[in-house]
Peer 1: 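Have a look at the structure that comes next, please.
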Amino acid sequence: NRIIERGLRIRILTGFTLVILLILLIAGWSYYHISTLGTSAEHLFIENYRTIGYMHQMELALAEMQIKGDEGFAANDAIVLKNLALEYANITEPGELDGTRKIDRDYQAFQKLHSNELAEIVRHDCEAVLGINEQAMFAHSEVFRAQGDFARSSTIGITVLLVGAAIFLAVAVSLRSLAEFQELDRAKSNFVTT
């Protein structure tokens, strides 16, 4: 009698433990996808935004040099060189290194001649690197959207599957426990009858 009761308790506890584990599995799966998407997106977009900022700073400095001529050159030259160095440390996209090297070469020519035509060429180079990063951000956003769709559908699928497994498990344990309880009740009735 007590052995059967103990077996019932163990089965019920095992069933509830498995249901809790399945719920934790769903939570872990969801957390993994959310954190992976968030971290990846943050890093990629931050790097692209930095490059966009560097390019805008260089373009503004070049515009100041064109407007002010030699008297505005020293301060703005330092801004261009600083942002160029920062850009070299932040190369993230294919073709960006070549574009940055072209900015560097054309800017060195501009430093020697202080020609407005060369300043426009450097600004055009900055626009090309800017375009690479803007296109990359758009492409990354499409990738992240696809990953988000996969995470959403896989989480829903796993949730449905695991909830179904939990329901099946709960029903199986309940039916088994009920059968054993009925058997125990019959044994008790037989004992009383006897």
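Here the structure is a predicted model, which means the values were calculated and not measured.
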Peer 1: Applying side chain to side chain donor-acceptor pair (under 3.5 Å), can you list everything that pairs with E117, at least two apart in sequence or on another chain?
Peer 2: S115
Peer 1: Any chain of hydrophobic side-chain contacts (each under 4.5 Å) joining I91 to I52?
Peer 2: yes
Peer 1: Please list, chain by chain and in numerical order, all residues satisfying ring pair (Phe, Tyr, Trp, His ring centres under 6.0 Å) with H124, sequence neighbours excluded.
Peer 2: none
Peer 1: Working to the nearest 0.5 angstrom, can you tell me the gap between I67 CD1 and N116 CG?
Peer 2: 10.0 Å
Peer 1: Any chance you could measure T51, atom OG1, to I46, atom CD1, to the nearest 0.5 Å?
Peer 2: 12.5 Å
Peer 1: Going by salt bridge (charged side-chain N to carboxylate O under 4.0 Å, His left out), name the residues that satisfy it together with D104, two or more places apart in sequence or in a different chain.
Peer 2: none
Peer 1: Apply salt bridge (charged side-chain N to carboxylate O under 4.0 Å, His left out) to E120 and list each qualifying residue two or more places apart in sequence or on a separate chain.
Peer 2: R123
Peer 1: Mind checking side chain to side chain donor-acceptor pair (under 3.5 Å) for D77 and listing every partner two or more places apart, or none if nothing turns up?
Peer 2: Y107, Q111
Peer 1: Name all residues meeting the side-chain contact (heavy atoms from CB on, under 4.5 Å) criterion together with A128; count only those two or more places apart in sequence or in a different chain, and write none if there are none.
Peer 2: none
Peer 1: What pairs with K68 under salt bridge (charged side-chain N to carboxylate O under 4.0 Å, His left out), at least two apart in sequence or on another chain?
Peer 2: E64
Peer 1: Are the side chains of L118 and D106 in contact, using a 4.5 Å heavy-atom criterion?
Peer 2: no
Peer 1: For R50, give me all partners under salt bridge (charged side-chain N to carboxylate O under 4.0 Å, His left out), at least two apart in sequence or on another chain.
Peer 2: none
Peer 1: Cut-off 3.5 Å, no hydrogens considered: what does the side-chain donor-acceptor table look like for residues 54-63, sequence neighbours left out?
Peer 2:
none

Peer 1: Measuring from T100:OG1 to I132:CD1, what's the distance to the nearest 0.5 Å?
Peer 2: 7.5 Å
Peer 1: Quick one: ring pair (Phe, Tyr, Trp, His ring centres under 6.0 Å) pairs with a partner in residues 67-105, sequence neighbours left out?
Peer 2: F73-H114
Peer 1: Side chains of N90 and E96 only: does a donor on one sit below 3.5 Å from an acceptor on the other?
Peer 2: no
Peer 1: Within the structure provided, determine whether L21 and L25 are in side-chain contact (heavy-atom separation under 4.5 Å).
Peer 2: no
Peer 1: Hey, what do you get for CG (L130) to CG (N48), rounding to the nearest 0.5 Å?
Peer 2: 10.5 Å
